[in-house]
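Everything below concerns the one structure shown next.
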Amino acid sequence: MNKHSKIFFTAILSQLLAIAAFAQAEKTDLSLSISYFNSNNHVQYLVAHAKSKIDGKFQMIPNINLSFYIATEDAANLLGKAVTNDKGDALLFIPPTAKDEWKKSAKVSFIIVSQKTKDFDEAKGNVEITKAKIQIDTAADRKITATLMELKDTVWTPVKAIDVKIAVKRLDADLNVAETPTYATDSLGVASADFKRDSLPGDSKGNLTLIAKVEDNDVYGNLSAEKIVPWGKSIKYYTEFDKRTLFARRGKSPLWLELLAYSIVVAVWGVLIYLFGQIKKLKQLGVN
Amino acid sequence: MESLAKQQIIEDLLPQKFGKAGKIWVGILLAFCALGFVAYCLQLKNGLVVTAMRDYVSWGIYISNFVFFVAISLVGSLITAVLRLTQAKWSTPLTRIAEIIAVSAITFASIIIVVDMGRPDRFYNLFLHGRLQSPIVWDVIVITTYFFVSILLLYFPLLPDMAIMMKHKDVTGMPWLNKMYTFLGSFWKNTAGQIHISEKAINILSITIIPVAFAIHTVTSWLFATTYRPGWDSTNFGAYFISGAFLVGAGAVVVAMYVFRRSYKLENYIKDEHFDKMGKVLVLLALLYLYFNVNEFLVPAFKMKKSEEEHLMGLFTGEFAIVFWFAISTAMLIPILILITKKGRKPFPAFIAGILVVIGSWFKRYLIVTPTLLHPFLPMTDVPEVYKHYFPTWQEWSIALGSLAGALLIITIFARIFPIIPIQETITEIEEHEQA
């Protein structure tokens, strides 16, 4: 290799290294966070969120492979894996196999780890929660109480001064039971609200679903409890499905259409059958 | 006509054997039918992929042909029923021509709709599982009904002629024909009772066929108008279709009148006055159809809604402009200009005008069906380029031409077997005239 060749290859190599270094510098940081959910005190799940600052704005990152761990990032403590959706979220139900680790302490931590991709380096996120539960109950005069308890060592202890949302569960959102959306718990861990929604449409029996929620709490995560009460207005839902309409399936045409159509067909074909009969009559006259 | 003896009328109007020209004509028609049959066999074997119809243009020249056939079949109700009920005696020589055109057209309308089906073996499902709410089911019912009404309207006036033909077996020269006449009309003895029943039946049919004929083409128009698409979303469609149908039907009768008059030397029966009167009818119908066309295009063009703009401009100045203006000119404007003068209503110019009406009307049907399908409300995206245009394949042309040849063949064969002008009615009319 002559001198010029050496210079040429050195230049190429340095360029390639520069491009590689630039490409590496292009990688942005992936921010991972995790939320804990406890629904009705028996369905527990984790939701991981992946986002990154792109062009000066945080954007949700889809298609990130995440591994979920409990307590420590060991293979033995792996809860499962999930991939973030278009909103940058990945959901994982806590499996029964985590029972032993779960029971070890009143406080539990969860860790998520993302795999390295061409756009992002490996990232981690974690959350520590204190085990807690919420109960919802009703009393006379449509009074609703929600009781929040946390686990201290092995004893369930009331938690005070925590905002609890008490609402009626609707199709897409929660509806306040009165003017105030949240109620603080007292020293007994109880938050009380009066139900002031008269004639709220319920199901066919007038049932409504009440819900008590602790949302995005730094210590307890997201807790919720539901109770069905017959405080709503009974609604018979009317649906056009499978009724006699112009757009219904075969055999479900409107009666007026059937009457009209069949009357016309019978009338016209009655005339035709009569005329075919006249041909027979003509034949008889010809024979006679 | 007064000078013609009864025997002379019978001799003139009895069916005649095909001459050389007739045989060539039948041969040509058979060749087209055979080509259409071969193309249809290929379509059956390979599926509708042999056509140019794709996701967007799912109705091509088959459905255009169907609408054309249904339209032309309406002439039976116009000439036979309307003119009969209005006591227009001059139309007598034309009634059978009109009725056989109606029968042959409605027969091939039924056939071509099956041809358009990708799986004709599943046709019976339309009867087993059809929805009464669907205009397609109404169309099936009304086409079947119209077919039988037309057959009866052809058959009843034919009975007295059948008896005449049996008396002249030697003229037909074919034993199987004589057997058919015997089977169809040997019972006709021309008694007062039979004549009374026959006339009553014809009157009932003449009344019945009018609403059925209106229904058949209105329902056909609703196949389009009940679909929300540019060009079809119209409350004008029923009347628009019916006026157009009467026009093309009348045009076809004028053409047939000229051909039969020339071929069978029927100048004493299909006279210049018939062309004159039919010419006036054609002008009236062309003006009526033109009026509906103005309504159909001018009003949407005045508003020029964005969703319809592409479709309308495609017709006025775009890719369909040549066909559009050709159809408007040949189906309406030029025939009006020809037939508006007395000279223009002479047999030959009227024949030319009739041909123009028929050809223009076929293209008009094509313009009703296809351009709309190429201009959906939502833009066509992610489809191959061929989906955005439509030009029929040779199989489609062959089948369409085969069906047209088939319809003409039925008329030709009918004229060979039966008198194309009612013999008995002509004799009766002359006798009544002489007595008066």
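Residue numbers begin at 1 in each chain, while the letters A, B, ... track the order of the sequences. Predicted model only: the values in this text are computed from it and were never measured.
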For atom [atom1] of [X], is the number of surrounding heavy atoms from other residues, nucleotides or ligands below 6.0 Å larger than 12?
| X | atom1 | answer |
| --- | --- | --- |
| Arg122(B) | CZ | no |
| Lys243(A) | NZ | yes |
| Lys169(A) | NZ | no |
| Ile136(B) | CD1 | no |
| Asp121(B) | CG | yes |
| His196(B) | NE2 | no |

*Taking every heavy-atom pair that is under 4.5 Å apart, which of Ile204(B), Val212(B), Ile141(B) has the most such pairs with chain A?*
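Top count of heavy-atom pairs under 4.5 Å with chain A: Ile204(B).
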
_Top contributor to chain A interface from Thr208(B), Leu152(B), Leu205(B) [non-hydrogen pairs under 4.5 Å]_ =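 Heavy-atom pair counts peak at Leu152(B).
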
Closest heavy-atom contact between [X] and [Y]?
| X | Y | answer |
| --- | --- | --- |
| Leu275(A) | Phe156(B) | O-CZ, 3.6 Å |
| Ile197(B) | Gln278(A) | CG2-NE2, 3.3 Å |
| Leu282(A) | Trp188(B) | CD2-CZ3, 3.9 Å |

Within-4.5 Å side-chain heavy-atom neighbours: [X] and [Y]:
| X | Y | answer |
| --- | --- | --- |
| Phe187(B) | Leu285(A) | no |
| Gln133(B) | Pro254(A) | yes |
| Ile279(A) | Leu159(B) | no |

*By a 4.5 Å heavy-atom criterion (distance strictly below it), what part of Ala248(A) contacts chain B: side chain, backbone, both, or neither?*
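Backbone plus side chain of Ala248(A), per the 4.5 Å heavy-atom cut-off to chain B.
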
*At a heavy-atom separation under 4.5 Å, does Ile209(B) approach chain A through its side chain, its backbone, both, or neither?*
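No part of it gets close to chain A.
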
_Is Val137(B) close to chain A through its backbone or its side chain, or both, or neither, when contacts mean heavy atoms under 4.5 Å?_
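For Val137(B), no heavy atom lies under 4.5 Å from chain A.
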
_Could you measure the distance from the CZ atom of Phe148(B) to the CH2 atom of Trp269(A)? Nearest 0.5 Å is fine._
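Interatomic distance, Phe148(B) CZ to Trp269(A) CH2, rounded to 0.5 Å: 5.0 Å.
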
*asked:* Measuring from atom OG1 of Thr144(B) to atom CG of Leu272(A), what distance do you get when rounded to the nearest 0.5 angstrom?
replied: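 Between atom OG1 of Thr144(B) and atom CG of Leu272(A) there are 11.0 Å.
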
*Ignoring hydrogens and angles, tell me if any N or O in the side chain of Arg249(A) forms a donor-acceptor pair with the backbone of Arg131(B) under 3.5 Å.*
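The answer is no, because no donor-acceptor pair under 3.5 Å joins these two groups.
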
